[in-house]
Amino acid sequence: MGEANWAGNLTYGADAVTTPRTVGEVQEAVAAAAHVKALGSRHCFNDIADSPGGLLLDLRALDAGVEIGDGTVTVGGSARYGDFAQQLHDAGFALPNLASLPHITVAGSVATGTHGSGRRQPGLAAAVSGIELVTADGSLKTFTRADAEFPGLVVGLGAFGVVTRLTLDVVPAFDVRQDVFDALPWEAAYEQFDEIEDVGYSVSMFTNWVNDAIDQVWVKSRVDDFTERAGLFGAVPADGPRHPAHAAGVPADNCTPQRGVPGPWHARLPHFALAFTPSVGDELQSEYFVPYADAVAAIRAVREIGDLVAPLLLVSEIRAIAGDDLWLSPCHGGDRVALHFTWQPRQPEVEAVLPVLEERLAPFGARPHWGKLFHGVPGEYPRLAGFRALADRLDPQGKFRNPFLSRTVFGA
């Protein structure tokens, strides 16, 4: 077939790909297929969205429109956050948080537990209050928070069907400023971790794990809740715009505005601007979530193998996310800190390092990001048995299962 993911590190093994334009066409395609999966922005770095020998539904042409209601917005599952954020803002509303990239689809983001940053901001899936889903027999079903199984459906990994529409909670629109600080001493990060996480609405630390200091700290602050500061626990204000991989010589052209210039939430919460290629482009990614209380110990553990990790890195990011109750969310059950690795496109070498990295993080019960590269088991999830039972009920013939789900969720 020749279709590949965004990074180009995976060629899908499906026999065919089709592009439905209506929900009815999605229903017909799903009902007729023996094995089927949906494709969104293709930003997963593993085979979670593949359907070897089956059918892929490219949902980019499925335009379901945008409906802004009283405290909610409803969008098509193929919508990218950047496609409707301005419309939402113009109506006086905002989403509580956004990921680093506005280029990713809503359905794919929530299905994999994707998140933004902020100690008190949960992942993107926590905003979902309604799901419209095409199930294995082609039926169109709607679920809301009133349904007992709803917390299992949201971070669904594509195991239950094809998501055609989602309803998200919104908040009043707000403005954000973004300030970057250089060279945060490691000891300050260890000793004042909580205080650093509390300086803004969203805080991200960028490092290669071997430099004498954390290279950058990005602080995104609500303009209506901002306190001016000359420095940050020993870090100094950046003297110009920064790319997360600034230390590797990457220019900041595709990043959102910094240096304290205020702007709407959707133009500051992501690291990267919608009009440009996100991040670096030619890259791989991994990410691991550890309990917030173990953050400093986990950071120290990774630093101990910095010499092994750094030669393969473009940059690494440390950020906090509030906990949620969604069954297979990496933040299920409590606040987490995510250790993100943007790798050079050297997959064999990266895959050789991942077992060592995961061994270091195992004492903290690390959970990998579902849509990124990882080696071993995906961590412990107390509601995994319930997730499996729900998948058996909605997809009794395994139409939406694939090798990824068999390895990681169903134990085959």
Between S204 and the options R319, E317, K220, the side chain to side chain donor-acceptor pair (under 3.5 Å) test singles out E317
State whether a side-chain donor-acceptor pair under 3.5 Å links [X] with [Y].
X    : Y    : value
H369 : T114 : yes
Q178 : T256 : yes
H89  : W265 : yes
S329 : D324 : yes
H246 : Q216 : no
T164 : E132 : yes
S41  : W6   : no

Do the charged groups of [X] and [Y] touch, with an N to O distance under 4.0 Å?
X    : Y    : value
R407 : D47  : yes
R360 : E304 : yes
R120 : E197 : no
R242 : D182 : yes
D198 : R119 : yes
D294 : R300 : no

So side-chain hydrogen bond (donor to acceptor under 3.5 Å, both in side chains) across residues 225-236, not counting sequence neighbours, yields none
[X]: which residues meet the ring pair (Phe, Tyr, Trp, His ring centres under 6.0 Å) condition with it, sequence neighbours left out?
X    : value
W218 : F206, H271
F193 : Y292
F374 : none

Taken in chain and number order and not counting sequence neighbours, the residues that satisfy side chain to side chain contact (heavy atoms under 4.5 Å, CB included) with N9 are N5, A7, F45, L284, Q347, L373
A297 meets the side chain to side chain contact (heavy atoms under 4.5 Å, CB included) criterion, sequence neighbours left out, with F364
Closest approach of [X] and [Y], non-hydrogen atoms and distance?
X    : Y    : value
I104 : S109 : CD1-OG, 3.2 Å
D50  : P52  : C-CD, 3.6 Å
G77  : T105 : O-CB, 3.9 Å
F272 : P244 : CZ-CG, 3.9 Å
A267 : P257 : O-CD, 3.8 Å
I131 : V154 : CD1-CA, 3.8 Å

Only pairs at least two apart or in different chains count here, so list each salt bridge (charged side-chain N to carboxylate O under 4.0 Å, His left out) that has a residue in [range].
range            : answer
residues 146-160 : E149-R393
residues 94-116  : none
residues 364-388 : E287-K372
residues 341-352 : R346-E349

Sorted by chain and number, sequence neighbours left out, salt bridge (charged side-chain N to carboxylate O under 4.0 Å, His left out) with D392 holds for R401
With sequence neighbours left out, the residues meeting salt bridge (charged side-chain N to carboxylate O under 4.0 Å, His left out) with D179 are R177
message = Using the rule given for side-chain hydrogen bond (donor to acceptor under 3.5 Å, both in side chains), can you reason through T167 versus T72, listing the C-alpha separation, both sets of side-chain angles and the distance that settles it, and then say yes or no?
response = CA-CA 6 Å; T167 298; T72 65; 5.8 Å; no
For A136, is there any backbone N or O sitting under 3.5 Å from a side-chain donor or acceptor partner on K399? yes
Distance-only, no hydrogens or angles: does the W370 side chain make a donor-acceptor pair with backbone N or O of P330 under 3.5 Å?
-> no
Around atom CZ of R145, are there more than 12 heavy atoms of other residues, nucleotides or ligands at under 6.0 Å?
-> yes
How about E187: does its CD atom have over 12 heavy atoms from other parts shown lying under 6.0 Å from it?
-> yes
When rounded to the nearest 0.5 angstrom, what is the spacing between [atom1] in [X] and [atom2] in [Y]?
X    : Y    : atom1 : atom2 : result
L405 : I48  : CG    : CD1   : 6.5 Å
S202 : N97  : OG    : CG    : 6.0 Å
W209 : I214 : CH2   : CD1   : 8.0 Å
K141 : L133 : NZ    : CG    : 9.0 Å
S117 : M205 : OG    : CE    : 9.0 Å

**Worked verdict on F93 versus F174 for ring-ring contact (aromatic ring centres under 6.0 Å, His included)** = CA-CA 8 Å; F93 297 106; F174 57 96; over 10 Å; no
Does NZ or CZ of R336 fall inside the cone over F289's six-membered ring, less than 6.0 Å from its centre and within 45° of the axis?
-> no
Q.
Quick check: F143 with F160 (ring centres under 6.0 Å apart)?
A. no
Notebook entry, point to check: Is the Y288 ring parallel, tilted or perpendicular to the F341 ring (thresholds 30°, 60°)?
Noted result: perpendicular
